[in-house]
Every structure is written in structure tokens, then in C-alpha cells.
Amino acid sequence: MKAGMKRTKYCGEVTKDDCGKKITLMGWVQKRRDLGGLVFLDLRDRAGICQIVFNPETDPETHALAQKVKAEYCIAIKGEVVLRPEDMRNKTMNTGDVEILAEEIHILNEAKTLPFVLSEEVEVGEALKLQYRYLDLRKPGLQNNIILRHKAAQCVRTYLNDAGFIEVETPMLTKSTPEGARDYLVPSRIFPGHFFALPQSPQLFKQLLMISGFDRYYQIVKCFRDEDLRADRQPEFTQIDLETSFLEMDEILDITEGLIVDMFKETIGVDMKQPFLRMSYDEAMSSYGADKPDIRFDMKLFDISDIVAKTDFGVFSSTVANGGVIKAMNVKAPAELSRKDLDSFGVFVATFGAKGVMWAKISDTGWQSSFAKFLSDDQKKKIEERLSIKPGDTMLVIAGKKEMVNASLGALRLHVAEKLSLIPENTYAPLWVIGFPLLEWNEDEKRFVAVHHPFTAPAIEDIDLLSTDPAKVKAQAYDMVINGQEVGGGSVRIHSRDLQKKVFDVIGLGEEEAKYKFGFLLEALEYGAPPHGGLAFGFDRLVALLTGAKSLRDVIAFPKTQKAACPLTQAPSSVDDAQLAELGIKVLDKYKN
RNA sequence: GGGGGCGUAGUUAAGUUGGUUAUAACGCCGGCCUGUCACGCCGGAGGUCGCGAGUUCGAGUCUCGUCGCUCCCGCCA
């Protein structure tokens, strides 16, 4: 680069007000349009795109150089900002009223032909995009997602700083914890055969910070879980983690929902109404078949077991007799469901274990349905009333075990809504789900496991139930849900050693084991631990909501594939035997290369 | 661990019932072009049909296996 050359402006920020000024831009060539005489270059940087004109009459040497430039060359240009001729203005470009009359061009670096075209229109294969992530990240769409992510993080810091929170870092090399997800392990060289674990969350450390008296802690922090991935799950992801002392649940909810309201306002200008709706877990499960209901649209689930229990229709009567349920939802007219659609729903729910989807189309002339003949007029009328069915509506029904019915009908609700475009766009429907059970029975392990995590406080009035009927104990836990996505969750924690021990007992964590795994926490609770509680948001998921990204990959600079690999760096990779020897590790032969 | 979808030129896709030299667009290379902005016009190069077996006179197409990407179930306190 020519000595002393300095960028004076971003491409995307050149405006009419700059006309007459000499400016210097540096960026990448988006496009060259060579008319033989005149050459136009679209120059791009992180702020946007600006058109540069090269006229052979201005400077033949500069013009000749511009003809050599190709897509994605990194260049610097110097020239005068001029207003474009009246009929040559580009209304679709932010900088479309002006252009730069180039006087100098410097090729800072040439570029090979890219492995794919940088266009928002062309969908390139995921593996290739990730292999050349640094090129894919040049696309304005992806780049803007990352920039918005930065703004969202700034919001978090501003809001929490103002609310008196202190940012504290916690260790990445820590102790493997049972309960919960599979850990990513890191071998210790100094203690061969021993391993650190990367944190699934800073849970225990933030509780210790409360015991230390920091009172309000937060951290924007990486967490790691070695489980199979989904579009909304990456093996390493970022949490907005926070914890407070001396606050009750309502106060924690107030503070944290204020954070989300601020974030949506500051980043995308969306106003969310406060306070957020609070829905019980039981209501969420029964009406939406999910603990993360999407309440942007209605189409609730209704239990009709009581109405149809006594019919000659075997599917209904035997389901109820065997302790199952029959639930239905009403797809309101004018939504049209073809026979093909209805058949496809059966395939859709099969993966959730449902035998099939029954349906009834209700019109002025009556019910069209495989089971209508088994129902009395009175039963039909009761169903119509419960589901607010009007002529033209279609009812979908699934029968079976309660959990399976909720899972399949809840998923079908989302599937149908998507298919029929019943979900309003650019709408954000936040709510709190509260009143989760503290424990659930795990059939595989034949023991109770914590629904949230084992440090969650039970509802005070349920503490006695711990020893008599653990399944009935409610937790002081809460999840924030936006548009059917769980974006955050937390709880009031146990701050008494005795209660903590009791919960460990109930989940079958013996004294010895508890001491080995969590002894440090149990002991810490004995030194004046304050009442405390907190929450963690899934930052990536929040940014995905803010940007409308369909996958978390689109809001993470360097994400992993669904198999948790990185095509860019080729991680994970094998390592030298010497490196392994130092760690006291031997790889099984079947895994070598 | 299980189920679905995809894999053809650098990229995105088409490719019929298994049958001649595997198409198109964009990109790339060469030429022309002074108001383009999806610039235009003329010409050209470019293929391990993911990989490996099998069936067949003959496989991009059928079968089996395998790898990769993706969506979902299980899993993810």
C-alpha cells in the first residue's frame, strides 16, 4: 500500500453531503462492470457498497489498472464524490445517489476466483460454506447478523451494568459433573488419567460467587455440551448467565424480562409488552403439548377423553380404558386441508410414536369422518362446543398415552400452522413458563432426576412432599419462551445444606457420591450462603430470533456442522502418539485413522 | 442409536423407462463495447455424475455398502 494512504470513510456511509470531497475508500470488489471505456466498480466493506467510476479521460493509468481488477480483490481508491446524473441514480442502493470519480487505485491484494459466488440468492452447500467461512462471512447478510449479535451483547452489558451486576469470569477447565449433558473432557498432563471438563454452564461457580457476596453477577460465556445437535443447538454455545442474591422469583423475572425488552428495542426496534404472560407448566403441556408453547397463534389442544370414553369406537374406548387420553385441535376454516395433507400428518406424527391422526371435517351438513358414526349427536355437539368448531373447520385427533399425545399433537400443531402459514410474521410472543415439576421419574435409571438441575429449590409449600411424593413437588423454576423457542431458564436455588442433601437423597445421589461430586458446594452452603437465584439465556437463540435466522449457524461466526466438526480447521483431528503418551492416553486400534 | 431429504462442471440446478458425444444458468478465460448497476454482444475452456462393490450387453439412472451435508426422534439437568 502506498505510504501515508489513509481510509477516510466507509463505502456504505458515502452520502450526498460528501459531494465535492476527496475521499479514500478501502474494501473488496463486489462487481466490475467494464463498458470498454468507462469502468464501474462496486466496492464493499462492512458498512455497505459504493459505486466507483473510472474514466480513461480522467487518468488513463488508473483506468487501465481498474480493468485488471477482479471480484474480491482488496483495493484502495481515492477520488471525488460526485452526484450521479439525474437518471443514473440507483434507488435500491443506500449510496445510489452518488459515486466516486476515481483518481487513484491501489491493488492491496489480488484474490483467486472464489469457490462460490458471494450472493445472498445462491444457496451453497453447508460443508463448502463452512470450509471457507471467512469468505461466506463477507456476505452482508451473515456479516450483519454478527454485527447485530455484537449490538445485542452491548445491550446486555449496558443493561446489567446499570442494574448493578458485576461481570466475573469463571473457569473453562473445571470438574466433570454428573446429571445433565455429556461433558467435553480435557485430559490433564500433570495428573495423567485425570480430566477436566469444559463447563456445561457456570452453574456452581455463580452460586459460589453469591456465597462470596458479589450479590449480582453476570457473564456472557461459552458453554459446552457433547450431545447430538439440532438447528437450534450447537456443541459450544453462548449463555448470558446471571445470578442474584436476596431476590425472590418475581424480582428475578422482572429484571431479566427487562433485559430482553431492552434488547429487542435497541437492536430491532420491537416493543414488547410488559409484564410477560406467565403460564403454568401444566397449562402449557395441556393446551400446547409443549413446555415451550408458541403463542403467536391459537389452535390449542383440548382433551376430549371424557366425551368419547364411552363409544363403540375401539380406538377411543380402549385408549381411555388403558389410562390414555384423546386430544384434539381445531384447524379453523378457511384453512384447507387436502386428503393428501391429512395422510401426510400421519407420517409426520409417527416419529413421535403416534399410531395415526384421525380427522373430522365439519360442514353445514354434518361430520365427514371415519369415526363420526360412533358418536351421538350429543357427543358431537359437546366436542364442537369445547373446540369452538364452526362449519368449515377441520378437527385433528390423536389418541394414546398422555406424553405421546402431547408430544405428537403439539408438534403437529406447529407443523400444520407452518404449512398453512397461520403464524404471523415479525411478531414476538414472549412468556414465562413457571411451576415446573422439580423431579421426574427416569425409567431407564429407575430413579428420580432433576427436571432443571439438582440445585433448584422446591416450592416452599411442597418441601414435605419430597419424602412422601417427590413427583408432585413443584420447583421454583422458570423458562422464558419466545415464539416457541426456549430462550432462557433459571431457578431460585437451594441455599441450605440440609435441603440440598435431601434433594440429592431423593435423586439417588448418595452421601459419598454427593461429597465427591459436589462436596465443595455442600460445604460452601454451610458458610452463610445467602438466598439466591438466577437464570441463563441462550444468547445464540436470542440473536437468531432477532435476525430471523433459521439456524444457529447463521449467528455464530465459526459454527460447527451437525456432527460437531469444523470443516474450516478440520477439527477434531488425531494427534501425535507423543502428545497422547504425555497425557497417558492410548487410542483404541479401531479408531486409528 | 434410529428415521427422512440431498450429493451431477468452480457454484446452483435439469437429466424421461437403464441406451448416441451428460444439459442449462451463473462464474471463469479471450475479444468488442463511454453511463453501467443481474451491463450487453461474440467466442472458448471446464465432468472421478461423493466414494466402493454388485446386477446388466450397457448404470448419472437399479441394488448393497460407505462418506459428507441437512432436518427430525432419542438425547440435550
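Below, read A as the first sequence line, B as the second, and so on, with proteins coming before strands; counting in each chain starts at 1. For the numbers below, each heavy atom of this structure counts, side chains included, while hydrogens, waters and symmetry mates do not.
On the C1' atoms, B/C6 is 24 Å away from B/U17, given to the nearest whole Å. Separating the P atom of B/G35 from that of B/G15 is a span of 42 Å, rounded to the nearest Å. Of the C1' atoms belonging to B/C32 and B/G68, the separation is 44 Å, rounded to the nearest Å. Distance noted for atom C1' between B/C49 and B/G18: 15 Å (whole Å). The gap from the P atom of B/U21 to that of B/A59 amounts to 13 Å, rounded to the nearest Å. Here the separation of B/G65 from B/C75, taken at their P atoms, is 27 Å to the nearest Å. Across B/G46 and B/U8, the matching C1' atoms stand 14 Å from one another, rounded to whole Å. Taking atom P on both B/G7 and B/U61, the two are 12 Å apart, rounded to the nearest angstrom.
Taking the six-membered ring where tryptophan is involved, the planes of A/Y281 and A/F436 are tilted, since the angle between them lies from 30° to 60°. Taking the six-membered ring for Trp and thresholds of 30 and 60 degrees, A/H415 and A/F348 have nearly parallel ring planes, at less than 30 degrees apart.
B/U36 atom P lies 7 Å from atom CZ of A/F40, rounded to whole Å. Taking atom CD of A/E72 as the reference point, atom P of B/G27 lies 14 Å away to the nearest angstrom. B/C73 atom P lies 15 Å from atom CE of A/M404, rounded to whole Å. Between A/L229 atom CG and B/G74 atom P the separation is 15 Å, expressed in whole Å. In this structure, CZ of A/R44 is placed 16 Å from C1' of B/C37, rounded to the nearest angstrom. Per the geometry, CZ belonging to A/R133 stands 14 Å off C1' belonging to B/C69, to the nearest Å. Rounded to an integer number of Å, the gap from CD1 of A/I49 to P of B/A38 is 11 Å. A straight line from CG of A/D34 to P of B/C29 spans 12 Å, rounded to a whole angstrom.
Checking the phosphate oxygens (OP1, OP2) of B/C39, a side-chain nitrogen or oxygen of A/K31 falls inside 4.0 Å. A close approach under 4.0 Å does occur between a side-chain nitrogen or oxygen of A/R230 and OP1 or OP2 of B/C73. Proximity of A/Q562 to the phosphate of B/C71: a side-chain N or O atom is located under 4.0 Å from OP1 or OP2. In terms of phosphate contacts, A/R33 brings no side-chain nitrogen or oxygen within less than 4.0 Å of OP1 or OP2 of B/U36. The phosphate of B/C28 (OP1 or OP2) has no side-chain N or O of A/T113 nearer than 4.0 angstrom. Contact between the side-chain N/O atoms of A/R553 and the OP1/OP2 oxygens of B/U70 is found at a separation under 4.0 Å. Neither OP1 nor OP2 of B/U11 sits under 4.0 Å from any side-chain N or O of A/K129.
Not a single donor-acceptor pair, N or O on each side, falls under 3.5 Å between the base of B/G68 and the side chain of A/Q131. Between the side chain of A/Q51 and the base of B/U36 there is at least one donor-acceptor pair of N/O atoms closer than 3.5 Å. In terms of polar N and O atoms assigned as donor or acceptor, the side chain of A/D228 comes within less than 3.5 Å of the base of B/G74 in a complementary pairing. Below the 3.5 angstrom threshold, one finds no donor paired with an acceptor across the side chain of A/D42 and the base of B/C37. The base of B/G35 has none of its N or O atoms less than 3.5 Å from a complementary donor or acceptor on the side chain of A/R89. In the interface, the side chain of A/R225 is not paired with the base of B/C76 through any donor and acceptor atom under 3.5 Å apart.
Across all strands, A/P115 comes closer than 4.0 Å only to sugar-phosphate atoms, never to a base (heavy-atom distances). Contacts of A/P567 with the nucleic acid, taken as non-hydrogen atoms under 4.0 Å apart, are absent. A/V449 comes within 4.0 angstrom of nothing in the nucleic acid, heavy atoms only. Across all strands, A/E57 comes closer than 4.0 Å to base atoms (heavy-atom distances). Residue-level contact check: A/T92 touches neither bases nor backbone, having no heavy atom under 4.0 Å from any strand. When heavy atoms are screened at a 4.0 angstrom cut-off, A/Q30 is found touching no nucleic acid atom at all.
A donor-acceptor contact under 3.5 angstrom links the side chains of A/T170 and A/Q219, judged on distance only.
Among the nucleotides B/C72, B/G68, B/U34, the one closest to the side chain of A/A127 is B/G68. Considering only side-chain atoms of A/T351, the nucleotide from B/C73, B/U34, B/U12 that sits closest is B/C73. Distance from the side chain of A/E227 is smallest to B/C76 among B/U11, B/C37, B/C76. When each of B/C37, B/C39, B/U11 is scored by its nearest atom to the side-chain atoms of A/R84, the top-ranked nucleotide is B/C37. When distances are taken from the side chain of A/E126 to each of B/U11, B/C69, B/C37, the shortest belongs to B/C69. For A/S551, counting side-chain heavy atoms from C-beta on, the closest listed nucleotide (B/C71, B/C76, B/U34) is B/C71. The A/P85 side chain lies nearest to B/G35 when the options are B/G35, B/C29, B/U11. Closest to the A/A231 side chain, of the nucleotides B/G35, B/C37, B/C72, is B/C72.
Within the shown strands, nothing qualifies as a pairing partner of B/U34 under the Watson-Crick or G-U definition with both distances less than 3.5 Å. Pair assignment for B/C76: none, as no Watson-Crick or G-U wobble contacts are both less than 3.5 Å. Under the Watson-Crick or G-U wobble criterion, with both distances below 3.5 Å, B/C26 is paired with B/G10. Shown here, B/U20 forms no base pair; nothing in the strands shown gives a Watson-Crick or G-U wobble contact with both key distances under 3.5 Å. Pairing of B/G60, defined by two Watson-Crick or G-U wobble distances under 3.5 Å, is not identified with any nucleotide.
Heavy-atom nearest nucleotides on RNA chain B were determined for A/L35 and for A/L114, and the one closer to the 5' end corresponds to A/L114. Checking A/V53 against A/E123, the closest nucleotide of RNA chain B that is more toward the 5' end is the one next to A/E123.
Dense packing is recorded around NZ of A/K139, with more than 12 heavy atoms of other residues, nucleotides or ligands lying under 6.0 Å away.
Considering A/D42, A/L41, A/V39 as possible partners of A/R33, the one that fulfils the side-chain contact (heavy atoms from CB on, under 4.5 Å) test is A/D42.
Salt-bridge check for A/K401 with A/E403: failed, with every basic side-chain N at 4.0 Å or more from each acidic carboxylate O. Using a 4.0 Å cut-off between charged nitrogen and carboxylate oxygen, A/D479 and A/K292 do not count as a salt-bridge pair. Between A/D282 and A/K474 a salt bridge is recorded (basic side-chain N to carboxylate O distance below 4.0 Å).
No donor-acceptor pair under 3.5 Å is formed between the side chain of A/R493 and the backbone N or O of A/A457. At distances below 3.5 Å, at least one donor-acceptor pair connects side-chain atoms of A/R233 with backbone N or O atoms of A/D228.
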